[in-house]
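Take a look at the structure set out below.
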There are 2 protein chains.
Amino acid sequence: MKQRSDEHHLAEQLEKAGIRPSAQRVAIAGYVLSTADHPSADEVWQRVKTDFPMVSRATVYNTLQLFTEHGLLRQLVLAEGCVVFDPKVEPHHHFVDDATGAIEDIPWAALRVAKVDDLEGVDVREYMVVVRGRRRGKKAP
Amino acid sequence: MKQRSDEHHLAEQLEKAGIRPSAQRVAIAGYVLSTADHPSADEVWQRVKTDFPMVSRATVYNTLQLFTEHGLLRQLVLAEGCVVFDPKVEPHHHFVDDATGAIEDIPWAALRVAKVDDLEGVDVREYMVVVRGRRRGKKAP
DNA sequence: GGTCTTTTTAGACTACGTCCAATTATCGGC
DNA sequence: GCCGATAATTGGACGTAGTCTAAAAAGACC
């Protein structure tokens, strides 16, 4: 149920982002740029294969990387199945250093989130703020 | 450089949490309950093996699971290497459904985080709130 | 049409995690 | 202390997600 105009529009979108629109890339874009899911890379591969059986896994991974570099996608690192352990069991927030990937704890009181209780339709069990950035000064003189 | 009293203290801590303190569990606890790192399960295994060469991977994974169930550890799902893609590139927050694992977007304006700019020693690139819980009502009559 | 660059491909390889059946350790009662 | 029941541990098979590479295919340009 693909429309030629859809593909044309997608190709334009890729070009606008500075990406050459190959057939594979258009097929991948057709799924990943419009879905409300938050698919993993392999899920994208599985999905795209149904339309485009000959696409290789490497292509899908490379293409998602490319889209991300050009600002068409964001990578989230909060999915299930990828777990680290923290002996500090009280609620607290987290800081992730862009340079090293290290995770540090931020005390609960250092931040405050307003309006969590106003969220409609959900029972909140817990929440945390994830801050990403770089440690300042310290090392570089 | 292990102190007998340390091990004794750890064993007590496990018992207090309702866990039978086997030698392997004490060794695992000795690392994971006191570290400031946020190790992955495999990192814990690598580490514990240096003290306790015969421990099997299954034991470490089971034990971490057990500690988590008994409240000695928390699992964080925000580490690198575990990525999902989101075509919505503007800043927004995320809701993770405990029941299904599905990730939903929360509009940026629905929450507000106070004091992010007060964090000392870091240059913040981005941040988001991760809310976990359950969707209410809707489906069940 | 030829050539130079970009893209894609298949498959080997690694890392991480799960599962299971068999073995070993531990506990409580005698 | 010994014994049977229960709990814990083991190693290895298995599965899945992801990376890497060398070679083939496609596309751009003259």
Side-chain angles (χ1 to χ4, degrees), chain A residues 7 10-11 14-15 17-32 37-49 51-70 72-73 75-85 101 103, chain B residues 7-8 10-12 14-15 17-32 37-49 51-70 72-73 75-85 101 103:
Chain A
E7 295 190 3
L10 284 169
L14 295 189
E15 278 183 338
I19 294 170
R20 178 141 37 143
S22 72
Q24 287 90 336
R25 288 172 178 175
V26 170
I28 293 166
Y31 170 57
V32 81
D37 302 343
H38 292 73
S40 68
D42 243 54
E43 284 166 356
V44 175
W45 181 47
Q46 297 299 337
R47 180 62 181 267
V48 170
K49 270 197 299 189
D51 288 349
F52 206 123
M54 294 308 297
V55 76
S56 88
R57 178 154 33 183
T59 298
V60 172
Y61 278 71
N62 291 340
T63 301
L64 292 172
Q65 185 65 28
L66 189 71
F67 286 2
T68 301
E69 285 164 7
H70 288 255
L72 296 175
L73 290 178
Q75 294 190 349
L76 301 183
V77 284
L78 52 71
E80 296 301 325
C82 147
V83 171
V84 297
F85 294 89
I103 302 170
Chain B
E7 293 188 5
H8 188 66
L10 284 168
E12 276 182 354
L14 296 188
E15 277 183 340
I19 295 171
R20 175 140 44 145
S22 72
Q24 288 89 336
R25 288 172 178 177
V26 170
I28 294 166
Y31 170 56
V32 82
D37 302 343
H38 293 71
S40 69
D42 243 54
E43 284 165 355
V44 175
W45 182 48
Q46 296 300 338
R47 182 63 181 265
V48 170
K49 270 198 300 189
D51 288 348
F52 206 122
M54 294 308 298
V55 75
S56 88
R57 180 151 37 181
T59 299
V60 172
Y61 278 72
N62 290 342
T63 300
L64 291 172
Q65 185 64 30
L66 189 70
F67 286 4
T68 302
E69 285 165 6
H70 288 255
L72 295 176
L73 289 177
Q75 293 191 350
L76 300 183
V77 284
L78 51 72
E80 296 303 325
C82 146
V83 171
V84 297
F85 293 90
I103 301 170

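Computed from a predicted model, the values in this text were never measured in an experiment. Note on naming: letters A, B, ... go to the chains in the order of the sequence lines (proteins, then strands), and numbering restarts at 1 for each one.
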For a 4.5 angstrom cut-off between non-hydrogen side-chain atoms, does [X] reach [Y]?
{"X": "A:Asp37", "Y": "B:Val84", "result": "no"}
{"X": "A:Arg20", "Y": "A:Glu15", "result": "no"}
{"X": "B:Val48", "Y": "B:Val44", "result": "yes"}

- Query: Which of these passes side-chain contact (heavy atoms from CB on, under 4.5 Å) with A:Leu72: A:Ile19, A:Leu64, A:Val32, A:Leu66?
  - Reply: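 That would be A:Ile19.
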- Message: Give me the atom names and distance for the closest heavy-atom approach of A:Phe52 to A:Ala27.
- Response: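 Heavy atoms of A:Phe52 and A:Ala27 come nearest at CD1-CB, 3.5 Å.
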- Query: Nearest nucleotide by nearest heavy atom, which residue falls closer to the 5' end of DNA chain C, B:Tyr61 or A:Thr59?
  - Reply: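 In this pair, the answer is A:Thr59.
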- Please round to 10 degrees the angle between the axis of the first five pairs and the axis of the last five pairs in the helix from C:dG1-D:dC30 to C:dC30-D:dG1.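 Taking the rotation axis at each end, their angle is 20°.
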Rounded interatomic separation in angstrom, taking [atom1] from [X] and [atom2] from [N]:
{"X": "A:Phe52", "N": "D:dA26", "atom1": "CZ", "atom2": "C1'", "value": "12 Å"}
{"X": "A:Glu43", "N": "D:dA17", "atom1": "CD", "atom2": "P", "value": "8 Å"}
{"X": "B:Gln65", "N": "D:dT9", "atom1": "CD", "atom2": "P", "value": "14 Å"}
{"X": "A:Lys49", "N": "C:dA10", "atom1": "NZ", "atom2": "P", "value": "10 Å"}
{"X": "A:Ile19", "N": "D:dG27", "atom1": "CD1", "atom2": "C1'", "value": "17 Å"}
{"X": "B:Gln24", "N": "C:dT24", "atom1": "CD", "atom2": "C1'", "value": "10 Å"}
{"X": "A:Leu64", "N": "D:dA17", "atom1": "CG", "atom2": "P", "value": "14 Å"}
{"X": "A:Asn62", "N": "D:dC20", "atom1": "CG", "atom2": "P", "value": "10 Å"}

- Message: Taking 4.0 Å as the cut-off, does a side-chain nitrogen or oxygen of B:Arg57 come that near to OP1 or OP2 on D:dT10?
- Response: no
- Which is true for B:Ser22 with a 4.0 Å heavy-atom rule: it touches a base, it touches only sugar-phosphate, or it touches nothing? sugar-phosphate
Using the side-chain heavy atoms of [X], tell me which of these nucleotides is nearest: [options].
{"X": "A:Thr63", "options": "C:dT9, D:dG11, C:dT8", "result": "C:dT8"}
{"X": "B:Ala58", "options": "D:dT19, D:dG11, C:dT9", "result": "D:dG11"}
{"X": "A:Asp42", "options": "C:dT9, D:dA17, D:dG12", "result": "D:dA17"}

- For the residue pair B:Tyr31 and B:Asp51, confirm or rule out a side-chain donor-acceptor distance under 3.5 Å. no
- Message: Is it the case that over 12 heavy atoms from other parts of the model lie below 6.0 angstrom from the CZ atom of B:Arg47?
- Response: no
- Message: With a 3.5 Å cut-off and heavy atoms only, can you find an N or O donor on one side and an acceptor on the other between the side chain of A:Arg20 and the base of D:dG27?
- Response: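 Side chain to base: no pair present.
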